[in-house]
Amino acid sequence: MALLQISEPGMSPEPHQRRLAVGIDLGTTNSLVAAVRSGVAEALPDELGRALLPSVVRYLDGGGVEVGHVAWECASEDPRNTIVSVKRYMGRGLADATRHPSPYAFIDAPGMVRLRTVAGERSPVEVSAEILKVLRARAEATLGGELVGAVITVPAYFDDAQRQATKDAARLAGLDVLRLLNEPTAAAIAYGLDHASEGIYAVYDLGGGTFDISILRLTKGVFEVIATGGDTALGGDDFDRRLADAFVEENALGELPPDDLRRVLKAARLAKEALSTAPEARIEARVSSRGALVSTPVSAERFHALTADLLDLTLDTVRRTLRDAGLSASQVEGVVLVGGATRMPQLRAAVGALFGRAPLVDLDPDKVVALGAAVQANLLAGNRSADGEDWLLLDVIPLSLGLETMGGLVEKVIPRNATIPVARAQEFTTWKDGQTAMAIHVVQGERELVADCRSLARFELRGIPPMAAGAARIRVTFQVDADGLLSVTAREQSQGVEASIAVKPSYGLSDDEIARMLQESFGTAEVDMKARALREQQVEADRLLAATQVALDADGDLLDAGERAAIAAAMRELKTTAQGDDPRAIESRIAALSRGTEDFAARRMDRAVRQALSGRRLDEIG
Amino acid sequence: MSFLDKSHFELLGLPERFAIDADTLQRAFRRLQAAVHPDRFAAAGATERRIAMQLATGANEAYRTLSDPGRRAAYLCERHGAPLNADTNTAMSRGFLMQQMEWREALDEARASRDAAALAGLARLLCDHRARILEEIGTAIDRDHDYARAADAVRRWMFVDRFGAEVAAAEDGLVA
């Protein structure tokens with residue numbers, strides 16, 4: 001197998017050496033995939049020329065799956081098995097999922113709700129993976145090769161559970177996630193690079209099911225998010241629902257069966273879209289209980305009145321976020337609108353009035369997020385083609401992270417809007433003599449009471465040496481990585497005895513669950529599973545070998561002859577093993593090479609830091 | 001020396017002192033992040049990705065600490081054997097306590113009478129006071145290397161800073 005080639009930063013790889021990477025906007029209503037081709041980011045269309053893929057998955061009797069336009073056509077005929085807006089259920093429990101009426105049969109499950117379909121129980125992660133698989137196949141067919149990875153966008157206000165679920169879905173779809181990127185930040189990249197802008201920008205992003213507002217500072221190749229706010233349960237869907245509710249009420253339709261409800265929601269969405277360009281529209285839907293088409297006119301004025309409070313909710317969030325950023329609306333030099341729902345004229349007017357300037361809408365609000373993700377993916381994959389085609393992105397966590405303390409109160413460990421990656425530690429102690437274990441409950445949210453925040457993980461630290469109450473010192477460390485994902489470590493340190501545990505929050509799928517889902521998706525053919533495991537290890541081996549070679553070429557002088565020979569030997573062994581068919585053996589050789597290059601990696605980093613600070617490199621970022 | 005043992009100043013390649021130029025600090029931070037940010041290593045091996053995350057985390061923490069004068073001063077005091085212990089050490093001079101009470105009364109009065117001018121006056125007063133304490137801290141650390149005296153001033157600075165936030169919130173309350 002040929003090795004993947006990685007170019008040095010700033011060096012131009014030959015076209016055939018470019019590593020294929022895409023940006024994917026996994027939206028509530030529509031999803032799309034984009035890539036940088038010949039230096040330009042563009043959305044990749046399907047064979048009929050359509051870039052948008054409706055985020056709709058239909059499970060068929062007999063095991064088939066339909067995704068996109070075909071599934072959307074059947075949403076009303078087969079509502080229970082046709083999952084629309086699955087993003088609303090990512091990382092969410094039953095209580096959240098059932099807040100609005102929907103045609104689905106939900107099953108309560110720990111961490112995340114599941115859906116009962118004709119094909120069996122499905123997790124929102126699996127449903128999302130079906131959408132991602134279609135986009136991956138489209139990208140690989142269009143670009144003509146296997147993808148090295150993808151940048152997948154998430155609402156900035158997604159919490160840890162929702163982010164982890166998104167990453168799991170990508171993994172299930174066989175995508176290597178280069179980065180989870182916040183949607184408004186992706187849009188800012190697309191706009192900022194396009195307009196070569198500087199200054200303070202606000203990105204107002206109203207998608208089908210989520211709302212985000214991000215305030216960014218753009219300076220000389222740096223995109224710095226200052227503050228972000230939002231609501232992951234408010235979107236264009238809710239505007240449709242208001243129209244649908246009014247329609248049901250005016251026509252005294254009562255409680256609708258699932259297929260009627262789906263038809264009415266669909267008709268409401270069409271009416272909303274029509275009202276973006278016309279003063280009046282009709283909501284028309286066949287209602288089975290009436291055995292007839294029910295049709296009602298709706299004026300733009302009435303629509304505005306029905307949804308004014310939803311719009312106000314978003315504006316309140318904008319004001320709060322500006323306060324968090326320590327800025328006034330007049331200091332914002334550009335307002336970018338993102339998401340199909342921002343086509344509503346009353347919304348554009350209201351946002352314009354708040355900021356005192358007309359919003360920027362010159363990039364397609366449906367595509368801008370995917371385009372920004374594509375250029376970021378291209379950068380992360382190492383395809384920087386020229387000097388200056390380089391930028392630094394500093395993002396933040398949207399919600400505070402904390403721990404439960406006595407009395408159900410939250411002790412915040414990392415405040416919202418902290419720049420990621422970030423780590424903070426806090427010390428706690430025991431409250432009983434001889435206490436040897438401590439329950440640690442990790443929560444996310446802004447409220448004072450644990451009950452009002454989202455529970456992320458619970459774990460126990462055991463093996464604390466018995467001591468008097470208050471004598472133990474337990475240091476709990478929160479680390480949030482560049483994807484905005486949290487891991488927690490706890491360590492007892494007063495007696496030099498270290499009891500330590502690291503957890504990923506609980507809603508994420510375990511490796512076993514992922515394996516089971518993969519197994520199901522391949523049917524029962526175990527050989528496929530093995531082939532996939534082998535392939536995954538080979539890809540990882542290639543990646544590590546290529547990265548190590550690049551490192552040796554650039555900084556080999558940091559090693560003495562003996563160290564060089566040891567690394568070369570470990571590389572040879574991995575290369576040989578990777579040609580075999582034993583994934584476990586490859587895995588252990590990968591681990592061996594990683595261990596063998598640990599010191600080298602640290603020395604390289606030290607050199608990179610020294611060079612950065614002496615200003616000999618990357619002067620353009622200043 | 002491993003990067004994990006470096007001080008915030010060393011990591012950013014800056015001299016260890018209280019006086020700092022905001023632009024120089026920001027430039028150093030951005031240069032460092034540009035070199036170590038995990039986005040630079042998305043295609044690298046697991047070891048390099050982990051080190052990149054640790055370094056970028058350290059860079060963010062260093063910038064957060066050094067860009068805020070109160071945090072920067074507290075950090076310097078701690079490094080030189082005079083930790084603030086802000087939670088347990090609340091001892092303040094009698095004069096400062098009297099002044100606190102005066103300010104608090106002025107705030108309560110202005111809030112009750114919705115007196116925007118009085119609030120603005122109080123905010124200006126606090127701003128001046130903060131600037132004076134910062135000067136005091138600078139002298140104590142950079143000229144006299146008297147970290148105990150500096151720590152005492154930082155504790156006062158933190159109080160005035162918090163109180164200033166309350167005044168700002170009261171001003172916002174009048175506008176809303």
Side-chain angles (χ1 to χ4, degrees), chain A residues 4 6 9 19 21 148-149 151 178-179 219-222 323 376 379-382 390 392-394 418-424 479-483 540 543-544 546-548 550-551 590 593-595 597-598 600-602 604-606 608-615 617-622, chain B residues 1-6 8-15 23-65 67-68 71 87 164-165 168-169 171-173 175-176:
Chain A
L4 298 169
I6 308 174
R19 308 173 85 230
V148 300
V151 166
L178 294 169
R179 185 72 71 237
T219 33
K220 286 190 238 155
V222 182
R323 225 173 11 248
Q376 187 69 12
L379 181 79
L380 295 186
D390 191 5
L392 174 64
L393 204 164
L394 299 171
T419 305
I420 54 174
V422 59
R424 294 279 158 80
Q479 168 84 58
V480 179
D481 67 15
D483 291 322
E540 186 56 33
R543 164 151 121 163
L544 183 59
T548 309
V550 168
I590 288 173
L593 180 56
S594 295
R595 269 195 314 276
T597 52
E598 183 110 355
F600 180 39
R604 293 189 69 218
M605 280 294 185
D606 262 340
V609 169
R610 272 201 312 279
Q611 282 175 341
L613 295 178
S614 65
R617 241 187 197 180
L618 295 154
D619 300 275
E620 71 273 19
I621 294 181
Chain B
M1 179 170 38
S2 156
F3 61 87
L4 289 173
D5 305 322
K6 284 186 176 170
H8 293 333
F9 291 99
E10 286 164 337
L11 192 58
L12 289 166
L14 298 169
D23 281 347
T24 308
L25 173 64
Q26 192 178 59
R27 258 201 307 278
F29 166 67
R30 287 183 169 176
R31 279 223 193 96
L32 179 62
Q33 272 301 16
V36 305
H37 195 276
D39 282 357
R40 289 277 173 274
F41 300 90
T47 308
E48 292 196 333
R49 276 181 285 158
R50 178 174 52 72
I51 297 177
M53 184 180 77
Q54 288 172 330
L55 265 170
T57 299
N60 281 332
E61 186 59 24
Y63 184 65
R64 185 183 83 101
T65 306
S67 58
D68 177 272
R71 285 199 198 108
D87 297 339
E171 286 188 288
D172 281 352
V175 177

When B:L32, B:V36, B:T57 are compared by non-hydrogen pairs under 4.5 Å with chain A, the top option =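 Result: the option with the highest number of such pairs is B:T57.
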Largest heavy-atom contact set with chain A, pairs under 4.5 Å, which of B:H37, B:Q33, B:R64, B:E61 |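 Looking at each of B:H37, B:Q33, B:R64, B:E61 in turn, B:R64 comes out on top.
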Measure the OH-CG distance between B:Y63 and A:L394 for me, rounded to the nearest 0.5 Å.
->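 With rounding to 0.5 Å, OH (B:Y63) is 9.5 Å from CG (A:L394).
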Is any side-chain heavy atom of [Y] closer than 4.5 Å to one of [X]?
| X | Y | answer |
| --- | --- | --- |
| A:V422 | B:N60 | no |
| B:I51 | A:R604 | no |
| A:M605 | B:T47 | no |

Between chain B and each of A:A601, A:A21, A:G149, A:A418, count heavy-atom pairs under 4.5 Å; write down the option with the most.
->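 Among the listed options, the one with the most contacts to chain B is A:A601.
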Pick from A:T419, A:T548, A:I420, A:V480: which one has the most heavy-atom pairs with chain B under 4.5 Å?
->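 Counting heavy-atom pairs under 4.5 Å, the top option is A:T419.
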Applying the side-chain contact (heavy atoms from CB on, under 4.5 Å) test to A:D481, which of B:R50, B:M53, B:R49 qualifies?
->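 Among the candidates, only B:M53 passes.
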Could you tell me which non-hydrogen atom of B:A44 sits nearest to which non-hydrogen atom of A:A547, and how far apart they are?
->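 Heavy atoms of B:A44 and A:A547 come nearest at CA-CB, 4.1 Å.
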B:E48 versus A:A551, closest heavy-atom pair with distance |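 So the two residues come closest at OE2-CB, 4.4 Å.
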Part of B:A59 lying under 4.5 Å from any heavy atom of chain A |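 Looking at B:A59, nothing touches chain A.
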Side chain / backbone / both / neither for B:L12 at chain A, heavy atoms under 4.5 Å |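 For B:L12, the backbone is the part near chain A, not the side chain.
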Sub-3.5 Å donor-acceptor pair from the side chain of B:D39 to the main-chain atoms of A:L392, do we have one?
->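 Flag not set: sc B:D39 to bb A:L392 has no pair under 3.5 Å.
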Can you say whether A:R424 sits under 4.5 Å from chain B via the side chain, the backbone, both, or neither, judging by heavy atoms?
->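 Looking at A:R424, just its side chain touches chain B.
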